[in-house]
Amino acid sequence: MLELSFLRENVELVVERLTIKRMDARETIKKILDADLNRRETQAQLDNNLAESNQIAREVGNLFKEGKQDQANELKARSAELKIISRELNEKLEALQKEQNDLLVTLPNIPRADTPEGYLAEHNLTIYSEGEMPALPENPLPHWELTSKYDIIDFELGVKLTGAGFPVYKGQGARLQRALINFFVNEATEAGYLEIQPPLMVNEASAYATGQLPDKDSQMYYVGLDGFYLIPTAEVPVTNIYRDLMLKETDFPIKNVAYSQCFRREAGSYGKDVRGLNRLHQFDKVEIVQIQHPDNSYAALEDMRAHVTSLVRKLELPFRVLRLCGGDMSFTSALTYDFEVFSAAQKRWLEVSSVSNFESFQANRMKLRFKDSNGKTRLAHTLNGSALALPRIVAALLENNQTPEGIRIPKALVPYTGFEWIK
RNA sequence: GGAGAGGUGGCCGAGUUGGUCGAUGGCGCACGCCUGGAAAGUGUGUAUACCCCAAAAGGGUAUCAUGGGUUCGAAUCCCAUCCUCUCCGCCA
């Protein structure tokens, strides 16, 4: 969430920037600042009351020691009064804090000033593209037909075991999954990321800190008996490693990579977009996370973008990089690049990575701070990106590389798959 | 899952017949003295959040796992929750 102190001093800036995310925040901000003013006043009153109570308690103690029971009892009466007042003030304070906080968490992160305007996918700015459109054989098959033709991914079987969106990978399909995971994790490790294997379930505090709660709880699977959430991305547990930490400036940069299965309910999704591997409830993803000094976070973002670029390039997939427009950016992001690969048989661009700088938005919520060189406490910046999400990569690989002889595996992957062709 | 013990500041560790305890002490860390330099020794300092103050200085409040309760007053008493350890059971 946004920092209150920043909001106080930059109302116009915040209002203006949030219009890029198509939000009129003026009313909300006014309410927040009103509550804030009220809160501070209440806090001061409460503190004064408690100070007097503490003073009385000390005096009562001394009077008892001196054996002056009568005087002590007089003071007790005053103390009782103060207690009632303090209780009321405290209730008021908590209500104001809640009001303020509830409003504050509804404000999205402010996007960078140069964020493209717009709210539709076509308003996103294509800032880079690379690779040639593959020459497909006659009557190319979409991946959901290729998977059954070669018996490598079984969607029907997944329905039997669990439900739609939980495919079963078999034989060369399973091996391809494992190969991609190892390839991605190795590439990241070589780029200086520390490998992490996180829990696949997190508690409420973790889900809140990275912003899945309170507004996106319907997108997560919930294990009610224990109060856990299945992670929608490794970003959640990995970023939460740093929750409530006070870092030293010398701890930067922190670079982590994690492979995890991801679980998403995808409530409200249907139709063509969800066909085959395009949208699943359970899928594999390798995620990179960086915790950075604020001065370096945008350099880190470019670094991550370069890393993802090298991955798609090595997989020989035609891809493009989009700078997301305000309306298409996530709630928590200040700047997001999306990577899309072209899946030739579907003739569609598929999003395979989203690389974002959250600046201090997540850090504020999770109290991730550091001491700067002046000894001042400041919020760190958090960033993350997919590197990469598997299913759509697999979809594009299968469709683009199909030949009458089978499906060709890109060179970079062969050491990991152990085969050059899916047949 | 059953029985027992326990959760104190960056770490270790006092304090649990309630009373200036945000908390003795040690380690670590920072700065200074000592030294040619270092070690040892020695001195000072060393939590976080919020509020008051234009700011600094200074002051107030809260925090001894978390949340509630008793009391004029709680790290210390009571209740609930979470977590850790030991033993037993179960188990990849």
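Order of the sequence lines fixes the chain letters, A, B, ..., with proteins taken first and strands second; residue numbering starts at 1 for each chain.
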### Message
Salt bridge check, A:Glu59 against A:Arg78: does any charged N sit closer than 4.0 Å to a carboxylate O?
### Response
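So A:Arg78 does not pair with A:Glu59 through a salt bridge.
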### Task
Could you pick out which residue, A:Leu4 or A:Ile56, lies toward the 5' side of RNA chain B when each is mapped onto its nearest nucleotide?
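Its nucleotide being nearer the 5' end, the pick is A:Leu4.
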### Query
Can you name the ring pair (Phe, Tyr, Trp, His ring centres under 6.0 Å) partners of A:Phe166, sequence neighbours left out?
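Partners of A:Phe166 under the ring pair (Phe, Tyr, Trp, His ring centres under 6.0 Å) test: A:His281.
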### Query
If you check the A:Lys83 side chain, which of B:rA62, B:rA49, B:rU71 turns out closest?
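Shortest atom-to-atom distance from the side chain points to B:rU71.
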### Message
Side chain of A:Ala57, heavy atoms from C-beta onward: which of B:rG19, B:rG60, B:rC51 has the nearest atom to it?
### Response
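Of all the options, the side chain of A:Ala57 is nearest to B:rG19.
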### Distance in Å, A:His293 NE2 paired with A:Arg378 CZ, rounded so as to fall on 0.5 Å steps
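CZ of A:Arg378 is found 5.0 Å from NE2 of A:His293.
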Using OP1 and OP2 only, check whether a side-chain N or O of [X] sits under 4.0 Å from [N].
{"X": "A:Arg369", "N": "B:rU48", "value": "no"}
{"X": "A:Arg87", "N": "B:rG68", "value": "no"}
{"X": "A:Asn54", "N": "B:rU61", "value": "yes"}
{"X": "A:Lys371", "N": "B:rU48", "value": "yes"}

Rounded distance in Å - [atom1] ([X]) to [atom2] ([N]):
{"X": "A:Gln71", "N": "B:rC72", "atom1": "CD", "atom2": "C1'", "answer": "14 Å"}
{"X": "A:Asp47", "N": "B:rC50", "atom1": "CG", "atom2": "P", "answer": "13 Å"}
{"X": "A:Asp226", "N": "B:rC82", "atom1": "CG", "atom2": "C1'", "answer": "13 Å"}
{"X": "A:Phe228", "N": "B:rC82", "atom1": "CZ", "atom2": "P", "answer": "10 Å"}
{"X": "A:Asn48", "N": "B:rC53", "atom1": "CG", "atom2": "P", "answer": "11 Å"}
{"X": "A:Glu3", "N": "B:rA49", "atom1": "CD", "atom2": "P", "answer": "12 Å"}

### Query
Checking side chain to side chain contact (heavy atoms under 4.5 Å, CB included) for the pair A:Arg392/A:Ser343: CA distance, chi angles, key distance, verdict?
CA-CA 8 Å; A:Arg392 294 173 190 164; A:Ser343 201; over 6 Å; no
### Query
Considering only heavy atoms, which members of residues 35-46 of chain A lie under 4.0 Å from some atom of RNA chain B?
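The answer is A:Arg39, A:Arg40, A:Gln43, A:Ala44.
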### Query
Among residues 90-100 of chain A, which residues get a heavy atom nearer than 4.0 Å to RNA chain B?
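Listed by number, there are none.
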Taking atom types as modelled, is there a side-chain donor on [X] or [Y] under 3.5 Å from an acceptor on the other?
{"X": "A:Gln362", "Y": "A:Glu235", "value": "yes"}
{"X": "A:Asn256", "Y": "A:Tyr242", "value": "yes"}
{"X": "A:Glu359", "Y": "A:Asn109", "value": "no"}
{"X": "A:Asn278", "Y": "A:Gln346", "value": "yes"}
{"X": "A:Asn186", "Y": "A:Thr189", "value": "no"}

### Task
Give none if B:rG41 has no partner; otherwise give the nucleotide forming a Watson-Crick or G-U wobble pair with it, both distances under 3.5 Å.
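Check on B:rG41: paired to B:rC33, both distances under 3.5 Å.
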### Query
Do the numbers put A:Arg365 on top of the ring of A:Phe358, so that NZ or CZ is under 6.0 Å from the six-membered ring centre and no more than 45° off the axis?
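Here A:Arg365 fails the 6.0 Å and 45° test against A:Phe358.
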### Task
Could you tell me whether A:Leu50 contacts a base, only the sugar-phosphate backbone, or nothing, with contacts defined as non-hydrogen atoms closer than 4.0 Å?
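Sugar-phosphate only.
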